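Here the structure is a predicted model, which means the values were calculated and not measured.
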Amino acid sequence: MIRLPRGTQDILPGDSEKWQYVEQVFVDLCRRYNYQEIRTPIFEHTELFERGVGDTTDIVQKEMYTFTDRGDRSLTLRPEGTASVVRAFVQNKLFGSNQQPQKLFYNGPMFRYERPQQGRMRQFVQLGIEALGSKDPAIDAEVISLAINFYQSLGLKSLRLVINTLGDKESREQHRQALVNHFHPYREELCQDCQLRLDKNPMRVLDCKKDKEHPAMQTAPKILDYLTPEAKDYFEKVTAYLDAVGVEYVIDSNLVRGLDYYNHTAFEIMSAASGFGSITTLSGGGRYNGLVEDLGGPETAGIGFALSVERLLMALEAEDVELPLEQSLDAYVVAIGEKAEAKAFEITQTLRTNGLKADKDYLKKKIKAQFKAADRNQAAYVIVIGENELTNGQVSIKTMTTGEQENIAFDQIVSYIKQKG
RNA sequence: GCGGUCGUGGUGAAGUGGUUAACACAUCGGAUUGUGGUUCCGACAUGCGUGGGUUCGAUCCCCACCGGUCGCCCCA
């Protein structure tokens with residue numbers, strides 16, 4: 001038997017309805033905030049991610065699904081959405097659109113070559129948004145509130161929004177230098193990864209879990225102390241906007257984010273629900289002023305976030321949230337005897353074209369088994385048609401909840417069901 | 001990339017070095033003629049992840065591999 005590749009999953013009936021529901025809620029919400037959908041390819045030139053995501057990141061260094069095609073091009077299955085969206089923004093000159101800022105959302109599979117575990121798949125689905133072309137702190141708050149709003153509207157309660165600023169270029173440069181100076185004497189005591197990070201991206205040392213307890217970590221210079229007045233002001237405005245709309249948050253100066261392109265606002269939303277395993281991050285995002293330029297476009301500010309549907313579903317489960325999924329059937333048509341088959345088929349079809357959810361048997365089952373099927377499908381009504389009915393021009397309609405049964409003329413079936421509800 | 005743990009029918013699972021691999025659920029059939037959710041009866045793994053090895057003999061012992069799962073790192 002050929003099995004699915006490691007780290008992938010089949011989403012089967014029973015679950016797929018949850019996915020559809022969640023995705024639909026997301027689309028509706030994005031529309032309310034006036035975001036429009038963008039669809040980009042599932043694979044891109046490898047270079048896009050090396051430059052866009054950053055080659056010091058774990059994603060680029062060890063998690064990319066890279067392959068060579070028949071034309072000897074190096075392509076990569078996208079590990080995240082932002083780089084592609086920005087690429088499309090530049091390539092299609094959306095910066096010239098009369099709709100500014102460009103507010104976009106996307107929904108699709110992402111790929112990272114990792115060891116699968118709970119909440120971490122090699123193929124996983126992200127829903128995300130990007131707002132390009134505005135450096136108004138209010139739009140940072142808009143993006144964050146949309147994310148929170150989404151989770152809340154699905155019924156999640158145990159949420160924790162963590163926010164930080166990574167400052168502007170100048171702030172980061174000074175902070176970076178301070179970090180290098182600070183950690184330099186302890187270099188040998190840090191883990192191997194951190195020794196590398198110290199050279200390439202010192203900020204990520206703060207994010208390390210291995211060296212978390214190291215004394216130098218507690219006393220490390222905080223970005224908040226190195227912010228330029230402008231960066232500081234920006235961050236204060238973002239939080240003020242969040243306060244204004246009642247979004248609760250926690251400031252964590254060690255929140256760094258794993259992607260190179262972030263600056264200014266960075267945030268993560270975590271689930272505080274118990275029984276959620278070791279994975280708690282539901283979504284993350286931040287501002288990436290400068291990325292558009294890096295990818296060949298004009299100077300353009302940007303901010304966005306992405307969330308994982310897999311983790312969202314896990315969180316919903318952990319909090320025992322029941323999604324309002326509609327699965328029952330309005331009617332199931334039972335045919336008795338071969339002569340009634342054609343009419344049963346016809347009636348089923350008529351119900352459907354009149355907007356009712358209907359089905360019938362296709363396995364030549366006995367009456368009893370057909371009723372069982374009707375029951376399993378949670379049919380509200382069972383329409384029985386046999387030889388008697390055929391000659392009378394009527395069917396017998398049974399209301400499953402009460403067991404009552406009535407004879408109804410063929411052309412009255414739809415109105416009968418609609419009227420009774 | 002590293003570590004723990006597991007791998008028996010559609011599902012959940014018991015089990016033993018030796019003629020017929022429990023049990024439950026699901027499914028299907030039946031309990032007199034055209035009616036479900038209850039009950040009763042019956043059917044349902046030539047097979048115990050794959051490949052080697054040990055043995056007179058292995059699903060059960062050993063090895064390797066593959067896969068699931070959880071954790072570390074990092075992230076969504």
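When heavy atoms are screened at a 4.0 angstrom cut-off, A:L259 is found touching the sugar-phosphate backbone but no base atom. Residue A:I59 is classed as having no contact, given no heavy-atom separation below 4.0 Å to the nucleic acid. Heavy atoms of A:E114 sit under 4.0 angstrom from at least one base atom.
The phosphate of B:C75 has neither OP1 nor OP2 within less than 4.0 Å of any side-chain N or O from A:R122.
Taking atom P in both B:C6 and B:G47, the straight-line distance is 26 Å, to the nearest Å. Nucleotides B:C60 and B:A76 have their P atoms positioned 44 Å apart, rounded to a whole Å. Comparing B:A64 with B:G3, their P atoms sit 13 Å apart, to the nearest whole Å. A distance of about 49 Å separates the P atoms of B:U32 and B:G51, rounded to the whole Å. B:U59 and B:A13 are spaced 15 Å apart, taking the C1' atom of each and rounding to whole Å. With C1' as the reference atom, B:G52 and B:C66 are 14 Å apart, rounded to whole Å. B:U11 and B:U16: their C1' atoms are spaced 24 Å apart (whole Å). A distance of about 24 Å separates the P atoms of B:U39 and B:A45, rounded to the whole Å.
A heavy atom lying under 4.0 Å from RNA chain B marks none of the residues of residues 140-151 of chain A. Taking every heavy atom of residues 366-384 of chain A and every atom of RNA chain B, pairs under 4.0 Å involve A:K366, A:I367, A:K368, A:F371, A:K372, A:D375, A:R376, A:V384, by number.
Closest to the side chain of A:R6, from the set B:C28, B:G67, B:C74, is B:G67. The side chain of A:M400 sits closest to B:G36 out of B:G36, B:G34, B:G67.
No donor-acceptor contact under 3.5 angstrom links the side chains of A:D375 and A:Y332, judged on distance only.
For A:D260, the salt bridge (Lys or Arg N to Asp or Glu O under 4.0 Å) test picks out no residue, with sequence neighbours left out. For A:Y262, there are no ring-ring contact (aromatic ring centres under 6.0 Å, His included) partners at least two apart in sequence or on another chain. The salt bridge (Lys or Arg N to Asp or Glu O under 4.0 Å) search around A:R112 returns none, not counting sequence neighbours. In this structure, the side-chain contact (heavy atoms from CB on, under 4.5 Å) partners of A:R204, at least two apart in sequence or on a different chain, are A:D58, A:R197, A:N201, A:V256. Not a single ring-ring contact (aromatic ring centres under 6.0 Å, His included) links A:Y241 to another residue, sequence neighbours left out. Shown here are the side chain to side chain donor-acceptor pair (under 3.5 Å) partners of A:T239, two or more places apart in sequence or in another chain: there are none.
Side-chain to base pairing of A:R112 with B:C74: no donor and acceptor N or O lie closer than 3.5 Å to each other. The base of B:A76 does not come close enough to the side chain of A:R120 for any donor and acceptor atom to sit less than 3.5 Å apart. Not a single donor-acceptor pair, N or O on each side, falls under 3.5 Å between the base of B:G1 and the side chain of A:K62. Evaluation of atom-type donor-acceptor distances gives no pair under 3.5 Å for the side chain of A:Q118 against the base of B:U69.
With ring centers used as reference points, A:F105 lies 6.0 Å or more from A:Y35.
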- Watson-Crick and G-U pairing of RNA chain B, under 3.5 Å, as dot-bracket with | and [ ]: (((((((..(((.....[....))).(((((.......))))).....(((((..]....))))))))))))....
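Between A:T399 and A:V125, the residue anchored nearer the 5' end of RNA chain B, judged by the nucleotide with its closest heavy atom, is A:T399.
Listed by first and then second residue, the ring pair (Phe, Tyr, Trp, His ring centres under 6.0 Å) pairs that reach into residues 359-392 of chain A come to none, sequence neighbours excluded. Here ring pair (Phe, Tyr, Trp, His ring centres under 6.0 Å) pairs that include residues 175-207 of chain A, with residues two or more places apart or in two chains, are A:H175-A:Y226, A:Y186-A:H214.
Between A:F305 and A:F26, the angle of the ring planes goes over 60°, which puts this pair in the perpendicular group of the 30/60° scheme.
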Every protein N/O lying under 3.5 Å from an N/O of nucleotides 2-8 of chain B:
{"unit_1": "B:C2", "atom_1": "N4", "unit_2": "A:R115", "atom_2": "NH1", "d": "2.6"}
{"unit_1": "B:G3", "atom_1": "O6", "unit_2": "A:R115", "atom_2": "NH2", "d": "3.4"}

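In this structure, the OH atom of A:Y332 is 12 Å from the C1' atom of B:G36, given to the nearest Å.
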